[in-house]
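Every chain is numbered from 1, with letters handed out A, B, ... down the list of sequences. Treat the numbers as computed from the prediction; the structure is a model and nothing was measured.
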There are 2 protein chains.
Amino acid sequence: MGDDIREKHDGALAGRLDVRVLLRLLSCSMTIEKRLRRRFADQFGTTLPRFDVLAALDRHRDGLTLGDLSRALLVSNGNVTMMIRQLEADGFIATRSTPEDRRRTVAVLTDAGQAHFAELAAAHHAWIGKMFSNMSERDLTALYDLLAALKLSIGADEEEQK
Amino acid sequence: MGDDIREKHDGALAGRLDVRVLLRLLSCSMTIEKRLRRRFADQFGTTLPRFDVLAALDRHRDGLTLGDLSRALLVSNGNVTMMIRQLEADGFIATRSTPEDRRRTVAVLTDAGQAHFAELAAAHHAWIGKMFSNMSERDLTALYDLLAALKLSIGADEEEQK
DNA sequence: TACATATGCTTTAAGCTTAAAGCAATTGGA
DNA sequence: TCCAATTGCTTTAAGCTTAAAGCATATGTA
């Protein structure tokens with residue numbers, strides 16, 4: 001049981017604490033991501049990245065440029081181009097180029113896109129609620145704060161490399 | 001600055017705590033994973049999954065079957081087959097089929113593979129040390145424990161789905 | 001033994017993602 | 001004005017990953 005949430009290297013006698021934390025972190029997020037991906041595919045015929053695009057646009061009703069999306073979602077420009085094209089073909093988003101800079105393309109949700117996203121988001125929230133259901137609110141808050149600290153630490157490392 | 005460690009949906013006004021925790025979790029692990037992947041490619045001409053295979057074999061000197069590797073690393077069987085073939089061609093691992101079950105293939109590190117892994121692991125540890133350097137040991141321990149709880153919670157969700 | 005089922009691995013086809021090169025539009029000096 | 005550098009997006013080529021089908025071997029049962 002639970003074969004696929006075992007940690008890489010089995011997680012046990014690994015040496016350093018930071019490495020053990022990392023392995024556990026990657027294991028958790030990979031498991032969650034795979035599960036979400038599978039459920040989106042099975043139940044809605046869509047993908048997690050497409051959902052991410054819709055979610056970003058849902059939170060920015062005035063639209064986002066493709067570059068904004070690429071940076072926000074941590075995916076490459078080319079990938080955004082492809083997803084936007086598909087989502088537009090499906091009628092979920094509309095695009096226009098800005099008058100002040102005609103290189104830019106702004107994407108916005110259509111009404112159909114908003115409705116579609118609402119449906120996906122409801123399922124997404126339910127899934128996540130289940131996955132986190134054994135965690136107390138106190139645990140969640142603590143985890144949230146620690147991840148903020150980790151994010152800062154990672155960011156500091158990146159700055160240093162430049 | 002820090003553009004690529006921004007959270008999906010910008011992380012701010014998102015509603016539910018569990019969703020915010022998830023977004024932050026995915027953001028952290030994706031950023032770390034990408035950075036490791038890039039450094040392995042740039043500095044050693046290898047990939048993170050290949051490193052994961054070597055690490056697993058380094059921790060199991062008596063060898064692992066391909067199925068064991070697939071489950072431990074959370075990658076598909078076909079993927080393991082490909083990586084093993086490459087690593088064997090590079091001389092880093094050797095394979096044999098077991099006498100008791102000739103369907104099984106066991107992979108073990110060669111001496112060259114051990115040396116190669118040692119080099120990669122040293123860099124890997126240094127990178128992780130830097131990325132986590134702003135986290136206190138206390139923080140790391142707390143994070144480690146919370147991730148264990150999360151993992152349990154995720155596992156419980158999986159069981160339920162069957 | 002015979003046969004159905006299960007297991008371990010491999011192949012195949014398809015999709016996803018990226019880096020790098022390329023194109024179009026803009027900006028900022030000479 | 002002109003032109004180089006920059007910026008935003010698109011295309012291309014390559015690699016990675018997976019699910020599903022396929023093959024070989026093993027197991028259990030009659």
Side-chain angles (χ1 to χ4, degrees), chain A residues 3-4 8 26 29-31 33-53 63-90 93 95-107, chain B residues 3-4 8 26 29-31 33-53 63-90 93 95-107:
Chain A
D3 264 343
D4 51 351
K8 281 168 187 170
L26 293 179
S29 56
M30 195 162 302
T31 303
E33 210 180 323
K34 284 195 179 197
R35 199 170 300 171
L36 291 178
R37 188 188 314 277
R38 178 163 39 78
R39 291 180 185 172
F40 270 128
D42 289 351
Q43 299 181 29
F44 297 99
T46 189
T47 66
L48 194 47
R50 280 167 58 107
F51 173 77
D52 289 338
V53 169
L64 285 172
T65 68
L66 302 202
D68 288 340
L69 280 169
S70 170
R71 279 182 292 275
L73 305 182
L74 303 180
V75 300
S76 67
N77 281 344
N79 205 346
V80 169
T81 296
M82 286 258 298
M83 285 193 291
I84 286 297
R85 195 171 295 161
Q86 291 173 5
L87 288 169
E88 190 166 24
D90 290 342
I93 66 169
T95 59
R96 59 179 173 78
S97 66
T98 67
E100 69 274 16
D101 185 343
R102 280 176 304 171
R103 292 170 306 178
R104 294 192 182 190
T105 302
V106 174
Chain B
D3 264 345
D4 51 349
K8 282 170 188 169
L26 294 179
S29 58
M30 195 161 303
T31 302
E33 211 180 322
K34 282 195 181 198
R35 200 170 299 170
L36 292 178
R37 189 188 312 276
R38 178 163 39 78
R39 290 180 185 171
F40 270 127
D42 290 350
Q43 300 181 29
F44 296 99
T46 189
T47 65
L48 192 49
R50 279 168 58 105
F51 173 77
D52 288 338
V53 170
L64 285 171
T65 68
L66 304 201
D68 288 340
L69 281 169
S70 170
R71 279 181 292 275
L73 307 181
L74 302 181
V75 300
S76 66
N77 282 342
N79 206 345
V80 169
T81 296
M82 286 259 296
M83 287 193 289
I84 286 297
R85 196 171 294 162
Q86 291 173 4
L87 288 169
E88 188 165 25
D90 290 342
I93 66 168
T95 60
R96 59 180 172 78
S97 66
T98 66
E100 70 273 15
D101 185 343
R102 280 176 305 170
R103 291 171 305 177
R104 294 192 182 193
T105 303
V106 174

For A/Asp101, which residues count as a salt bridge (Lys or Arg N to Asp or Glu O under 4.0 Å) partner, sequence neighbours excluded?
A/Arg103, A/Arg104

Between atom [atom1] of [X] and atom [atom2] of [Y], what is the distance when rounded to the nearest 0.5 Å?
X       : Y        : atom1 : atom2 : answer
B/Asp52 : B/Arg50  : CG    : CZ    : 12.0 Å
A/Leu64 : A/Thr105 : CG    : OG1   : 12.5 Å
B/Leu26 : A/Glu33  : CG    : CD    : 5.5 Å
B/Arg35 : B/Arg38  : CZ    : CZ    : 7.0 Å

Output the rounded distance in Å from [atom1] ([X]) to [atom2] ([N]).
X       : N      : atom1 : atom2 : result
B/Leu69 : C/dT10 : CG    : P     : 11 Å
A/Ile84 : D/dG8  : CD1   : C1'   : 14 Å
B/Leu64 : C/dC9  : CG    : C1'   : 15 Å
B/Leu66 : C/dT7  : CG    : P     : 17 Å

Looking for any heavy atom pair under 4.0 Å, which part of the strands does B/Thr105 touch: base, sugar-phosphate only, or nothing?
sugar-phosphate

If you measure only the distance, is there a donor-acceptor pair under 3.5 Å linking the side chains of B/Asn79 and B/Ser76?
no

Looking at A/Leu87 and A/Val53, what are the two nearest heavy atoms and their distance?
CD1-CG1, 3.6 Å

Polar atom pairs (N or O), protein with nucleotides 22-25 of chain C, under 3.5 Å:
| from | atom 1 | to | atom 2 | distance (Å) |
| --- | --- | --- | --- | --- |
| C/dA25 | N3 | A/Arg103 | NH1 | 3.2 |

Between N or O atoms, less than 3.5 Å apart, protein on one side and nucleotides 16-20 of chain D on the other: list the pairs.
| from | atom 1 | to | atom 2 | distance (Å) |
| --- | --- | --- | --- | --- |
| D/dT17 | OP2 | B/Asn79 | ND2 | 3.4 |
| D/dT17 | O5' | B/Asn79 | ND2 | 3.1 |
| D/dT18 | OP1 | A/Lys34 | NZ | 2.9 |
| D/dT18 | OP2 | B/Ser76 | N | 2.8 |
| D/dT18 | OP2 | B/Ser76 | OG | 3.1 |
| D/dT18 | OP2 | B/Asn79 | ND2 | 3.2 |

Quick one: is D/dT11 close enough that its OP1 or OP2 comes under 4.0 Å of any side-chain N or O from A/Arg85?
yes

Heavy-atom side-chain proximity of B/Val75 to B/Met83 below 4.5 angstrom
yes

